[in-house]
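Notes for the one structure printed next.
Lettering follows sequence order; numbering is per chain, from 1. The shown structure was predicted, so the numbers you read here are calculated from the model rather than taken from an experiment.
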Amino acid sequence: MTDVRVRIAPSPTGPLHLGTARTALFNYLFARHLGGTFIFRLEDTDQARSTEAHELDILEGLHWLGIRWDEGPGIGDEPERGSYGPYRQMQRLERYTEAATRLLAEDKAYYCYCTPEELDAERKRQEAARETPRYSGRCAQLTQADRAAFEVEGRTPVVRFRIPANRTIAFDDIVRGHVEIDTNALGGDLVIIRSDGTPLYHFTVAVDDAAMAISHVIRGEDHLSNTPKHILLFEAMGSAVPQFAHLPLILNPDRTKMSKRKSQTAVAAYRADGFIPEAFVNYLALLGWSTGTEEEVLSLAELVERFELSTVNKAGAIFDPERLEWLNGQWIRRLSADDLIDRLRPFMEAELEAGRIDWLPADEEMRALLPVLQERLPTLSAVGEIIGFLFVKDLDPDPALIVPKRWDAATTAAALTAARQTIADVGRVAWEADEIEPPLRRLVEERGWRAGDLFMSIRVAVTGRTATPPLFDTMVALGYERTLARLDRAIERLGAQAAPTS
RNA sequence: GCCCCCAUCGUCUAGAGGCCUAGGACACGACCCUUUCAAGGUUGAGAUCAGGGGUUCGAAUCCCCUUGGGGGCACCA
């Protein structure tokens, strides 16, 4: 078997897209599974839309996911790696020019002087006449004189690649099987070099895949119809044609190709929302592929071990955030204490910055909370929801929530007062969950209350919330003084409400 | 419009002619656990395998047609 060399070739015209990340992942899994080489190449020839910020976002996003490339640009000051470079297309311009010149010399390509306006008009006319839009080939047979005349007019030509008529291009796609497409359906001769001299995608992709000895082109299904153009280009350049594998698309809930208009497509946004890379990679891998077993929670290494390109699905898959979130919870629960504390830190900092908490807990405080926190985190960003009340100076709970359905304000105030005394009696020294619970249960017993009523009342008084980690652990975390102070405050609020006129 | 691709529970999927009265997971319901919320456990509902024709002793699986959906047809990638 020839060396397996695959690549991800994103364009920095936007932030790292889910689809790009998934394609990168499948390429990566394929390469690692077979001991091949995974290459990163930046397709930055669209100078109008490419930005450095997007480039960084893509590089860092893939890195965050744990996807490392053997050849490609470095991140930050890191040098580029690999002997087929450079890996940025804007640094490879001479190669495209050179390749185009050769095609021109062999009459496999020609200069075309049609202006964008003329082409646009042509296309509009064809559409109006309900014809297939295609380039007419008007400049296909220009003489020297014709060309000179256009040059005098000040026109600068593009270079068009000749698409032969009446030929069927066939290839065996690893995921789709045998595919045949007629060259007449390709839209006519293809522009490969813009009038400003920069190359276009279909050309650069073929030139670079050939130059970089890419063995398998693994990409989204949206390129399936374009594949014949690339095959023709490979043939014209006398290069070996790689194997193709077209991955199913990731879809919006309405089954259209996933787009940022309808879905969250930026990988960075999921990262900011508290998804962790283990879960994200796991989820992406299972979108369009499965192990064939009932295993679902798989690490990157396990995915590498099991991955098989030939068992990738053909049909598109809707992106399901709920399933992602479930996997995220699975992975968060598997993290070690130190690891989780580290990953939670930036999210606590964000809480502080947003003014939702008043100070940051020390690592050891966080560690103590982990037993009740970890299994409650669907995402890292949920940390504030769950334990934020512990790091708030003043709590002002809603009296309506403090009063259980079965009680009124006066009853609740009286109950909380009794409970406050019981809790105070536990004392600072014996401040443990096991010490707090029994006397409170005894109190409930004596008064003939329902434990749930009292506990809910205390919960809201002490946390401001109706859904919290276990109450007694929560009180321990809060501390003796602060627990009593919050109870006092709640009783005070209730008193004011129970007897507003007195 | 033309060309190409696709089609199993709401969603992700298992399924390579008999193991399928179609399995798992998410989501949903119930129950257990339980001070709330989670997590976990048990369990339920949910797919006439898009429809119709073939082939075959036998089809979710193979073939054809229909329908539906998607993608592509740029001096974007």
Side-chain angles (χ1 to χ4, degrees), chain A residues 9-14 43-46 48-50 112 114-116 119-120 123 126-127 129-135 156-160 173 176-177 179-182 184-188 190-196 198 200-202 204-205 220-228 246 248-249 251 253-257 283 286-297 311 313-320 322-327 329 333 372-378 385-386 437 440-441 444 450-456 458-460 463 465-472 474:
Chain A
S11 167
T13 51
E43 309 222 326
D44 55 355
T45 57
D46 183 352
R49 295 191 300 151
S50 295
C112 167
C114 298
T115 64
L119 294 170
D120 203 47
R123 192 159 30 240
Q126 288 167 335
E127 275 165 18
R130 309 216 302 176
E131 288 168 21
T132 305
R134 76 192 315 271
Y135 176 62
T156 44
V158 301
V159 177
R160 278 188 193 268
D173 191 280
R176 262 141 236 286
V179 177
E180 290 187 356
I181 296 176
D182 198 276
N184 297 327
L186 264 29
L190 183 71
V191 178
I192 57 174
I193 303 284
R194 291 184 179 90
S195 52
D196 68 2
T198 57
L200 254 10
Y201 170 74
H202 294 301
T204 60
V205 79
E221 196 205 324
D222 44 355
H223 282 111
L224 189 61
S225 310
N226 290 324
T227 302
H246 287 92
L249 261 22
L251 273 23
D254 64 3
R255 305 210 78 93
T256 53
K257 178 163 94 165
Y283 180 72
L286 263 25
L287 255 195
W289 176 76
S290 84
T291 59
T293 69
E294 282 173 6
E295 302 174 293
E296 315 236 30
V297 183
T311 58
N313 278 315
K314 296 194 233 295
I318 295 175
F319 186 84
D320 179 7
E322 283 183 330
R323 197 170 149 83
L324 204 213
E325 190 166 288
W326 170 74
L327 263 176
R333 269 164 243 139
V372 298
L373 210 213
Q374 192 158 14
E375 68 188 16
R376 263 165 260 263
L377 285 172
E385 288 278 310
I386 299 169
E437 184 169 358
L440 277 177
R441 289 213 179 263
V444 164
R450 297 196 190 204
D453 289 342
L454 207 230
F455 292 170
M456 182 52 84
I458 297 175
R459 166 174 294 110
V460 176
T463 69
R465 299 176 162 272
T466 54
T468 70
L471 181 58
F472 308 109
T474 299

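Within the 4.0 angstrom heavy-atom criterion, only backbone atoms of the sugar-phosphate kind lie near Ala315(A); the bases stay farther away. When heavy atoms are screened at a 4.0 angstrom cut-off, Ser11(A) is found touching the sugar-phosphate backbone but no base atom. Note on Asn313(A): only backbone sugar-phosphate atoms sit closer than 4.0 angstrom, heavy atoms only; bases stay farther off. Backbone-only contact: Leu286(A) has heavy atoms under 4.0 Å from sugar-phosphate atoms and none from a base. Within 4.0 Å of Glu180(A), counting heavy atoms only, lie sugar-phosphate atoms of the nucleic acid but no base atom. Residue contacts shown for Pro470(A) include a base, since a base heavy atom lies under 4.0 Å away. Residue-level contact check: Gly288(A) touches the backbone only, with heavy atoms under 4.0 Å from sugar-phosphate atoms and none from bases. Note on Ala185(A): only backbone sugar-phosphate atoms sit closer than 4.0 angstrom, heavy atoms only; bases stay farther off.
When distances run from any side-chain atom of Asp320(A) to the nucleotides C75(B), G71(B), U11(B), the shortest one goes to U11(B). Comparing atom distances between the Arg176(A) side chain and each of A14(B), A39(B), C5(B) picks out C5(B) as nearest. You'll find that the side chain of Glu375(A) is closest to A38(B), out of A27(B), A38(B), U11(B). Residue Tyr201(A) has its side chain nearest to A77(B) when only A77(B), U36(B), C5(B) are considered.
The partner of A25(B), taking Watson-Crick or G-U wobble pairs whose two distances both stay under 3.5 Å, is U11(B). Base pairing annotation: C31(B) forms a Watson-Crick or G-U wobble pair with G41(B), both donor-acceptor distances under 3.5 Å. Look at C2(B): its Watson-Crick or wobble partner, with both distances under 3.5 angstrom, is G72(B). Figure legend. U61(B) is base-paired to no nucleotide; pairs are counted as Watson-Crick or G-U wobble with both atom distances under 3.5 Å.
Nucleotide C73(B) holds its C1' atom 15 Å from the CG atom of Asp120(A), rounded to whole Å. Atom CG in Leu454(A) sits about 13 Å away from atom P in U35(B), given to the nearest Å. The CH2-P distance, from Trp326(A) to C26(B), rounds to 5 Å in whole Å. The interatomic distance linking Glu296(A) (CD) with G23(B) (C1') rounds to 12 Å, in whole Å.
Separating the P atom of G51(B) from that of U36(B) is a span of 46 Å, rounded to the nearest Å. With both ends at atom P, the span from C9(B) to A50(B) equals 7 Å, rounded to whole Å.
Crowding of Arg450(A) atom CZ: a count of heavy atoms from other residues, nucleotides or ligands under 6.0 Å not exceeding 12.
Across every non-hydrogen atom of Ser50(A) and Thr13(A), the tightest pair is OG-CG2, 3.8 Å.
Arg459(A) is not listed as a side-chain neighbour of Pro470(A), based on a closest heavy-atom distance of 4.5 Å or more. Taking the side chain as every heavy atom from C-beta outward, Arg376(A) and Glu385(A) never approach each other to under 4.5 Å. The side-chain heavy atoms of Val191(A) and Tyr135(A), taken from C-beta on, include no pair separated by under 4.5 Å. At a threshold of 4.5 Å between non-hydrogen side-chain atoms, the residues His246(A) and Val179(A) do not count as touching.
For the OP1/OP2 pair of A74(B) and a distance below 4.0 Å, the side-chain nitrogens and oxygens of Arg194(A) include no atom meeting the criterion. Distances shown here put every side-chain N or O of Thr13(A) at or beyond 4.0 Å from the OP1 or OP2 atom of C76(B). Residue Arg134(A) places no side-chain N or O under 4.0 Å from the OP1 or OP2 atom of G1(B). Side-chain nitrogen and oxygen atoms of Asn226(A) include none within less than 4.0 Å of the OP1 or OP2 phosphate oxygen of C4(B). Taking only side-chain nitrogens and oxygens, Lys257(A) comes nearer than 4.0 Å to OP1 or OP2 of G72(B). When the side-chain nitrogen and oxygen atoms of Arg441(A) are compared with OP1 and OP2 of U35(B), one or more of them lie within a distance under 4.0 Å. Thr45(A) has a side-chain polar atom (N or O) that falls below the 4.0 Å cut-off from OP1 or OP2 of A77(B). Contact annotation: Arg255(A) side-chain N/O to U11(B) OP1/OP2 distance is under 4.0 Å.
Judged by atom type and distance alone, Ser225(A) reaches the base of G71(B) through a side-chain donor-acceptor pair under 3.5 Å. For U11(B), the base has no donor-acceptor partner in the side chain of Arg323(A) [N/O atoms by modelled type, under 3.5 angstrom].
Of the two residues contacting RNA chain B, namely Gly187(A) and Ala317(A), the nearest-nucleotide position lying further toward the 5' end is that of Ala317(A).
Side-chain atoms of Tyr283(A) come within 3.5 Å of backbone N or O of Asp320(A) as a donor-acceptor pair.
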